[in-house]
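Residue indices begin at 1 and follow the sequence shown.
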Amino acid sequence: MIMDFKPEILAPAGDMQCALAAFAAGADAVYLGLKHFSARMQAENFSMRELSQLTELAHREGRKVFVAVNTFLKPGDPASAGKLMAKLERDVHPDALIMQDPGALLMARQVGFSGELHLSTLANITHSQAFKSARSLGADRVILPRELNLDELRACCETCPEGLNLEIFVHGALCYCVSGRCYWSSYMGGKSGLRGRCVQPCRRVYKQRGRSGRFFSCQDLSIDVLTKVLMTIPRLVSWKIEGRKKGPHYVYHVAGAYRLLADHPGDAQAKKEAEELLVMALGRPRTKSIILPQRPYDPTEPGTETGSGMFAGKVTQHPGARPGFSLKPRFDLMPGDLLRVGYEDEPWHFTSKVNKPVKKGGSHPLHTPPKKSPKPGTAVFLIDRKSSELTGILDEWQKALEACPAADQEAVDFTPNLMPPAYKPRPMTITLARTLPQGKGGAMRGDMAGLWLGPRSLKATPKGRAPRVSWWLPPVIWPNEEEQWSRLIGQTLRKGGQQFVLGSPWQAEFFKGHEAELIAGPFCNPSNPAELTVYLEMGIKGAIVSPELSGKDMLSLPRQSPMPLGVVLYGYWPMGLSRLPLSGVRPGEAFTSPKGEAFWARKQGQNTWIFPGWPLDIRKHKDSLMEAGYSLFVLMRDEPPKTMPMAKRSSQFNWELTLL
């Protein structure tokens, strides 16, 4: 049965032309970022002046604008983020803010932001207990992870508290790792996905046992064929399209397709027209991924290419001629078309602009940049198009935009009201393992044993030792695991467990009504005093900071912290966690990157953990960390398989880098 409401069509806007294209296609709302605190910093993004004009235009047209302030905040960021929100409230009046950091929620409350507050998929809200915490902190909407199936979506809506709505991604690029639980780009070179600067190392070619493939490169999510089913799920109020780095051509076609599907559910002609629009959107090959509970699809095809764009043909070489390379297109090319030669993960790939019409089967010269000579037969893709029809439509919207007033540029003063720094207890060390160490005391090179909580680890722990164990919850709990984890936590408490390290702050809800020492673990990504203040509101008494922070940021945080802090000193920190199928890679065996770097994967419950072949190691900075005020030091004993090559190096993660 179709519900009596239409879902909101929410389109991406990496720049002004994309925003106008979204409105022209019938989108109800756009989401976008500013020049700071956006999880898509590679997009052009908006100035405050541009945003004020766009928001005015949107409101005149009965549309909405959501602003993403969805990076995690570094120690010095809360005041700047608060000033930004205060200026948005005073001058722009966007309809909602999107955020991943609980500290951003606090800043929005303190500046009196009057729009809605939406928690990003990066906030990793994955189960019904988490919805309660989100609502109690003032969230109006939660953006669900892309790894849920239809049954889980229904369950989430049934348990969603009053006043909280849900949003789902229906189309666009898929990450192999769970949002908010991917450190791959950051660990490999300081470009943090949680700060909007991912360089997509998952798209690259990897090798294992002589076989190579893009094992982690996903096709684009597209659940257009299931939109009629989605309309039977109440509280799922918004259909979100991914793509803030895409151009207006993509936005116009995809937003138009989902507008048709929402307006005409069950209409065969509308479905056909929507499919035609999606084909012309110039995305990657499409997949339903794992949304069908009885028939999940693997969104990766390691033996095939997953480059974006429409395949236009292959490079032909003409020795001795200028420019020397050309393309015989499989369809007509238009002036303004943008072609990509090669795949995005190939460092030498380049783009070529079409300046004049080229008929199907004709010849388009490819002017190659210096030192970039493609091999004959290299694939070429159409990745953007500026048709005269769309240009004319956007020109009309541009005129309407220019008639809208722009906000002033006066600064706003704001000082966050945060909890004062707290007393720091004596230093201690936790050694985290998957099985309890043997021997007297049960600790390895430390003061306390840490265990990943699970049925086996709990059963193997004598009742008398349970109070002396630091129990670690997983970084992600899925809807179909929630009852199991609630029961397991209860059993641990009855056995005497006292200290619990949370894999996400929302897991604190499991402990309501119980006496327990809760610590926000490193997968919560603790990184700033505003976030730590919120944790205190949630009943959390300590935090182990995000290992992504630079050394400078890490050393500055204890002076601002309202709670005791810990840090991961050593261990095989995972590149990321995934719920998607692991195809082409054998767990527990080494696989390598194009640069020869070794990795391995481990299945743990419903998730795959991907590890580097070399450990995080900042032990030489322990004295500096103790002097700064850290009191808890973690050693992670997730040892690599015996088949892994011996690690020839270690990593300080971002210690010596500036996390942009």
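- By the 4.0 Å N-to-carboxylate-O rule, D220 lies too far from R286 to be salt-bridged with it.
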Audit row: S186, N654, side-chain contact (heavy atoms from CB on, under 4.5 Å) steps and yes/no: CA-CA 8 Å; S186 186; N654 294 320; 3.0 Å; yes
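- Around the NZ atom of K603, the shell of radius 6.0 Å holds more than 12 heavy atoms that belong to other residues, nucleotides or ligands.
- Side chain of W506 to main chain of T126: no donor-acceptor pair is present (N/O by atom type, distance under 3.5 Å, no hydrogens or angles).
- Y630 pairs by the ring-ring contact (aromatic ring centres under 6.0 Å, His included) definition with nothing, not counting sequence neighbours.
- In this structure, N149 has no side chain to side chain donor-acceptor pair (under 3.5 Å) partners at least two apart in sequence or on a different chain.
- Using modelled atom types and a 3.5 Å distance limit, the side chains of S192 and R197 yield no donor-acceptor pair.
- Considering CG of L144 and CG of L153, their distance stands at 6.5 Å, rounded to 0.5 Å.
- Q606 is linked by a side chain to side chain contact (heavy atoms under 4.5 Å, CB included) to W478, N480, E481, R579, counting only residues two or more places apart in sequence or in another chain.
- When the salt bridge (Lys or Arg N to Asp or Glu O under 4.0 Å) test is applied to K240, the partners found at least two apart in sequence or on another chain are E167.
- Using cut-offs of 30° and 60° for the angle between ring planes, the Y206 and W184 rings count as tilted.
- Residue W485 holds its CH2 atom at 11.0 Å from NE2 of H127, rounded to the nearest 0.5 Å.
- The aromatic ring centroids of W614 and F599 lie less than 6.0 Å from each other.
- By the 4.5 Å heavy-atom criterion applied to side chains, L166 and C156 are counted as neighbours.
- Proximity of a side-chain donor or acceptor of Q100 to a complementary backbone N or O of N70 within less than 3.5 Å is detected.
- Counting heavy atoms from C-beta on, the side chains of C177 and F216 never come closer than 4.5 Å.
- The ring of W573 has its center closer than 6.0 angstrom to the ring center of Y183.
- Contact check for Y297 versus Q219: no side-chain heavy atoms found under the 4.5 Å cut-off.
- W609 carries R434 over the face of its six-membered ring, with the cationic atom under 6.0 Å from the centre and within 45° of the normal.
- Partners of F633 by ring-ring contact (aromatic ring centres under 6.0 Å, His included), not counting sequence neighbours: none found.
- Residues I618 and V567 come closest through the heavy atom pair CD1-CG2, 4.1 Å.
- Put simply, OG1 on T71 and CG on L194 are 9.0 Å apart, with the number rounded to the nearest 0.5 Å.
- Listed by chain and number, the residues in a side chain to side chain contact (heavy atoms under 4.5 Å, CB included) with P581 are I290, D298, P299, S583 (sequence neighbours excluded).
- For an aromatic pair to be called close, the ring centres must be under 6.0 Å apart, and Y572 with W600 satisfies this.
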Criterion side-chain contact (heavy atoms from CB on, under 4.5 Å) on F523 and V476, from CA distance to verdict: CA-CA 9 Å; F523 290 100; V476 186; over 6 Å; no
